[in-house]
**Student:** 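So that we are looking at the same thing, I have put the structure below in structure tokens.
Keep in mind that the numbers below use all heavy atoms, side chains included, and drop hydrogens, waters and symmetry copies. By convention here, the first residue in the shown sequence is residue 1.
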Amino acid sequence: MRGDKDFSIWNTSIAIRGDKEISHPTFLRMLDMMRNRGFVVGSDPQIDRDYPILSEDRFAGNKGELLFVGEKYNCGAKLEFYQEINVENPNGGRYDFNKFEKMPYLLQKRFLLEVRYMEQFLLEEGFTCDSEPVLKTSYEKVFHELNSPSRHWSSENFPDYNALDKDGIRINNGEVKYFRDRKGTLMRGTVYHNINNMWWVIVNKDHYTNLAAFELFDLDTVPENAIKKLIRRSGHNNPKSRFVPTEGQLKDWKRRAKQAGREGRIQFANAILGYLYEIGWVSRKFQLFIKETKRLGLVETEGNPYFLGMRMGEKKYDPPKSIPLYPMPQQMSGTESGWVENLRDYVTYGKPTVSRWFCKDRNGEGGQAYLWPEVRERLLHIGAHV
């Protein structure tokens, strides 16, 4: 039994908490209040269709384009509002994250107005508001974290290993420090200690981040710190990543792959596997081959190196060994298995199978991302990528 009665509002959700003998009647009265304000309120048709036993405790409705679903549960009730205008989730706006941010401007204003009436109703019913405060600026958000009652550690007199920057200079709360973002661009912000060696960095009114002490520095400590922009290599900066083949080129590469037959495609695929090993995208040398049974096989031609009993600088390798290729490549990492499986299917069917590796821009980021346009080009030219 809950002796307290409270509610909270977060994004587009309103949660009422309390013993069901109190919270459920209050929730139903609030739905009546919503009807009086122009809402259409009824049972949830999706629940009626799929889980009719739950229909009594599930609700849905709308006021124009402002839609909601609701439910009663053992220790309270909840409403969640959404819209179907700006939708990302293929199942509809009901399942989107950040529902308020996705609402059109006027619909946001309508939602805020209706929530104000619901909040006033619940306060008059004797419920207390337990919502998190609405924080607009990055400064407010950081200091809300710093002053949180759950923060049980002190940011005063903490040890050097939590407070030394990249160059060994001690960091103090409220200082302006510099750092580089993931692309290497020089940025700065005001720093405040978070926890351990992590520091909040307020970059501007709308943006803040959380960085380790060793990522922060001053401009005048080391000459290289003052370089305004130091861009790391990425796939985005390579013109090959933006190359879009014509329909004629794609047909020509596919035709070449078909005409090469399985033996020719094995040579093409093995050249790709050799290049992937050369650039470190696979850890061992793999080769496809045709078995005596005419089925496709895989062999590790050069196993893991070891140095026991050898002179410094010399390597000895495990002997070549056959690796199971079906139903999926085994005895290798998931990434290696993905490459081998795609190239296996390319050899078998003569169709492009490797598009999934290059379908999103994020492939152009990361430590070795500058290499992916080169791999993409090689796959295009053997008809394995489209």
Side-chain angles (χ1 to χ4, degrees), residues 1-123 125 127-132 134 327-328 334 338 355-356 359-360 362:
M1 300 287 287
R2 289 178 59 98
D4 53 335
K5 303 190 307 179
D6 59 56
F7 69 93
S8 63
I9 302 169
W10 182 81
N11 201 270
T12 64
S13 295
I14 302 176
I16 303 173
R17 295 179 291 268
D19 182 75
K20 65 180 181 180
E21 277 73 21
I22 297 174
S23 61
H24 288 187
T26 302
F27 178 68
L28 295 176
R29 287 195 297 274
M30 188 172 74
L31 291 179
D32 288 335
M33 183 271 292
M34 292 171 62
R35 289 188 181 95
N36 293 334
R37 287 200 46 77
F39 277 91
V40 176
V41 181
S43 61
D44 188 334
Q46 181 176 329
I47 299 297
D48 290 344
R49 183 188 69 233
D50 299 333
Y51 309 101
I53 195 172
L54 303 176
S55 291
E56 184 179 350
D57 295 325
R58 303 298 179 95
F59 304 85
N62 71 288
K63 184 176 182 179
E65 295 174 326
L66 181 63
L67 295 82
F68 76 89
V69 289
E71 64 176 300
K72 296 183 295 182
Y73 42 86
N74 195 45
C75 57
K78 182 177 74 171
L79 287 177
E80 187 167 35
F81 292 83
Y82 64 99
Q83 48 81 41
E84 294 288 357
I85 302 172
N86 301 323
V87 177
E88 287 185 2
N89 193 296
N91 297 310
R94 179 174 180 173
Y95 303 97
D96 267 333
F97 294 104
N98 301 319
K99 293 180 175 62
F100 181 78
E101 289 75 11
K102 288 182 173 62
M103 287 182 179
Y105 175 78
L106 292 179
L107 205 56
Q108 288 181 342
K109 296 304 180 184
R110 177 182 296 177
F111 166 74
L112 293 174
L113 174 64
E114 297 302 332
V115 166
R116 189 181 306 167
Y117 278 96
M118 297 175 203
E119 183 177 12
Q120 183 62 36
F121 171 84
L122 291 170
L123 291 172
E125 289 282 332
F127 284 73
T128 58
C129 182
D130 192 32
S131 303
E132 289 286 334
V134 178
M328 60 182 297
S355 295
R356 69 186 182 92
C359 62
K360 295 184 179 178
R362 66 168 175 261

**Student:** Taking the side chain as C-beta and beyond, is there a heavy-atom pair between Lys99 and Ser13 under 4.5 Å?
**Tutor:** no
**Student:** Can a donor-acceptor pair be found between the side chains of Asp130 and Ser8 at a distance below 3.5 Å?
**Tutor:** no
**Student:** Taking the side chain as every heavy atom from C-beta outward, state whether Val87 and Tyr82 have any pair of such atoms under 4.5 Å apart.
**Tutor:** no
**Student:** Side chain of Thr128, backbone of Lys5: donor and acceptor closer than 3.5 Å?
**Tutor:** yes
**Student:** State, with a plain yes or no, whether a side-chain heavy atom of Met33 is found less than 4.5 Å away from one of Phe39.
**Tutor:** no
**Student:** Return the orientation label for the Phe111 and Phe100 ring planes: parallel under 30°, perpendicular over 60°, tilted otherwise.
**Tutor:** tilted
**Student:** Identify, with sequence neighbours excluded, every residue that meets salt bridge (charged side-chain N to carboxylate O under 4.0 Å, His left out) alongside Asp44.
**Tutor:** Arg94
**Student:** My understanding is that only residues two or more places apart in sequence, or in another chain, count here; which of them pass salt bridge (charged side-chain N to carboxylate O under 4.0 Å, His left out) with Glu114?
**Tutor:** Arg37, Lys63
**Student:** What are the two closest non-hydrogen atoms of Cys75 and Ser23, and how far apart are they?
**Tutor:** C-OG, 4.3 Å
**Student:** Answer yes or no: is there a side-chain heavy-atom contact under 4.5 Å between Phe68 and Val41?
**Tutor:** yes
**Student:** Quick one: does Phe7's side chain get under 4.5 Å of Cys129's, heavy atoms only?
**Tutor:** yes
**Student:** Holding to side chain to side chain contact (heavy atoms under 4.5 Å, CB included), I want the full list of residues that pass it with Glu125, two or more places apart in sequence or in another chain.
**Tutor:** Thr26, Arg29, Phe121, Phe127
**Student:** Would one find more than 12 heavy atoms of other residues, nucleotides or ligands at under 6.0 Å from atom OH of Tyr73?
**Tutor:** yes
**Student:** Can you name the nearest heavy-atom pair linking Pro104 to Ile85, along with the distance?
**Tutor:** CG-CD1, 3.8 Å
**Student:** Closest approach of Leu79 and Phe81, non-hydrogen atoms and distance?
**Tutor:** CB-CE1, 4.1 Å
**Student:** Side chain to side chain contact (heavy atoms under 4.5 Å, CB included) with Gln83: which of Arg110, Glu65, Lys102?
**Tutor:** Lys102
**Student:** Can you give me the closest heavy-atom contact between Asn74 and Lys20, atom names plus distance?
**Tutor:** O-CB, 3.3 Å
